[in-house]
A.B. asks: 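Okay, handing you the structure first.
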Amino acid sequence: MNYNIIEENNKIIIKNILDFDPKHIFECGQCFRWYVEEDGSYTTIAYGKVLNVKKVDNDIILSNTNMDDFNNIWYNYFDLGKDYWDIKKELSKDPILEEAIKFGNGMRLLNQEPYETIISFIISANNQIPRIKKAVELISTDLGEYAGSYNGKDFYSFPKPEKLANLEVGYIKEKYRVGFRADRIKETSRRIYEKEFDLDCLYNLSRDDGKNILTTLPGVGPKVSDCILLFAFDKEEAFPVDVWVKRVMEYFYLKEETNVKHIGTHGARIFGRLAGYAQQYLFYYARELGIGK
């Protein structure tokens, strides 16, 4: 994709970009390292870098960065190599998705760091976004490396697996307020640190094979595995089913209450290779409007 990009004063300005709204991107449930500023912009940390993202008219302003980091980190992180106009055109053949896409028009899938994504979504089980965000922040502040400050706030990268693997379960539970998830976090971190579990192999596997391997990790079930595959391993066909996706699928498509496995199978069947994008549009649409609640 070709963009009109200007670099000035520690900022990257992407001119007249369509399909990019920070609110839709950061508040659609796919990541937990974002903070809303008083001016409505969002500050996030990824790959050890702190970035502020603001939309002004049709421009996106990335502050606290440079062209090297844009090319090496943010271009891929914000999925800027994908043509979202084509994706939305294809999905909009479905009239329900057409409405969902209009509502969350600026959503983009983020390509996140695998280990952080795994632990974050283990924490997400039966949890709420503010509590997930707080737990991830506590872990990072306690164990991560200092990545810099922005707007008076210090930021820390998510720690390496060995840091959590070497802690006592009780410490993880109490310090980071993760409850029953503490032993799952420690054991998963240990397996990754000791190379019992190979993260890199997931890039080359199908969605189904990836799910089969990921669900061998403690705390990783069908929904969490699909989240990991979609948000960290570019598996566009993954279709995570949480409470909101379950409700919207039952309300619009199935017309009856059914089990999560059936909904996941149905979503993958009707949306095909673009199921992950469909899931994010539907999730945001359902949650913001309270559909099926």
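Values below: all heavy atoms of this structure, side chains included; hydrogens, waters and symmetry mates excluded.
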A.B. asks: Of all the heavy-atom pairs spanning Leu164 and Ile139, show the shortest one and how long it is.
C.D. replies: CD1-CG2, 4.1 Å
A.B. asks: Given 3.5 Å as the limit, does a donor-acceptor pair link the side chain of Lys186 with the main chain of Arg181, or not?
C.D. replies: no
A.B. asks: Taking Arg33 first and then Glu116, would you say they form a salt bridge - that is, a charged N and a carboxylate O separated by under 4.0 Å?
C.D. replies: yes
A.B. asks: In terms of side-chain heavy atoms, does Tyr156 have a donor or acceptor partner in Asp142 at a distance below 3.5 Å?
C.D. replies: no
A.B. asks: Taking the side chain as everything from C-beta on, heavy atoms only, tell me whether Ile12 gets closer than 4.5 Å to Tyr3.
C.D. replies: no
A.B. asks: Under 3.5 Å, is there a donor-acceptor pair between the side chain of Asp83 and the main chain of Asp86?
C.D. replies: yes
A.B. asks: Examine the side chains of Ser206 and Asp208 and answer whether a donor and an acceptor come within less than 3.5 Å of each other.
C.D. replies: no
A.B. asks: Looking at Asn127 and Ile123, would you say the former's side chain and the latter's main chain have a donor-acceptor pair under 3.5 Å?
C.D. replies: yes
A.B. asks: Kindly assign one of parallel, tilted or perpendicular to the pair Trp74 and Phe78, based on the angle between their ring planes and the thresholds 30° and 60°.
C.D. replies: tilted
A.B. asks: So, for Ile291 and Trp244, which heavy atoms are closest and what is the spacing to 0.1 Å?
C.D. replies: O-CZ3, 3.9 Å
A.B. asks: Less than 4.0 angstrom from a charged side-chain N to a carboxylate O is my criterion; do Glu187 and Arg190 meet it?
C.D. replies: yes
A.B. asks: Looking at every non-hydrogen atom in both residues, tell me the closest pair between Pro22 and Ile60 and how far apart they are.
C.D. replies: CD-CD1, 4.1 Å
A.B. asks: Between Tyr42 and Tyr35, does the ring pair (Phe, Tyr, Trp, His ring centres under 6.0 Å) criterion hold? Intermediate values first, please.
C.D. replies: CA-CA 5 Å; Tyr42 290 77; Tyr35 305 86; over 10 Å; no
A.B. asks: Does any N or O in the side chain of Trp34 come within less than 3.5 Å of the main-chain N or O of Thr44, such that one atom is a donor and the other an acceptor?
C.D. replies: no
A.B. asks: Is the shortest side-chain heavy-atom distance between Phe32 and Lys134 below 4.5 Å?
C.D. replies: no
A.B. asks: Membership question, hydrophobic clusters at under 4.5 Å side-chain separation (ILVMFWY): are Leu274 and Phe231 in the same one?
C.D. replies: yes
A.B. asks: With distance as the sole test, does Gln30 use its side chain to make a donor-acceptor pair with the main-chain N or O of Arg108 at under 3.5 Å?
C.D. replies: yes
A.B. asks: Can you find a side-chain donor-acceptor pair between Asn52 and Lys11 that sits under 3.5 Å?
C.D. replies: no
A.B. asks: Less than 4.0 Å between a side-chain N and a carboxylate O, is that true for Glu236 and Arg207?
C.D. replies: no
A.B. asks: Please determine if Asp242 and Lys223 form a salt bridge, counting it only when a charged side-chain N lies under 4.0 Å from a carboxylate O.
C.D. replies: no
A.B. asks: Looking at Glu174 and Arg177, is any side-chain nitrogen of the basic one under 4.0 Å from a carboxylate oxygen of the acidic one?
C.D. replies: no
A.B. asks: Can you check ring pair (Phe, Tyr, Trp, His ring centres under 6.0 Å) on Phe103 and Tyr284, steps first, answer last?
C.D. replies: CA-CA 8 Å; Phe103 190 81; Tyr284 188 71; 5.7 Å; yes
A.B. asks: Could you give me the CA-CA distance, side-chain angles and deciding distance for Tyr253 and Phe271, then say whether ring pair (Phe, Tyr, Trp, His ring centres under 6.0 Å) is met?
C.D. replies: CA-CA 12 Å; Tyr253 293 95; Phe271 303 126; 5.7 Å; yes
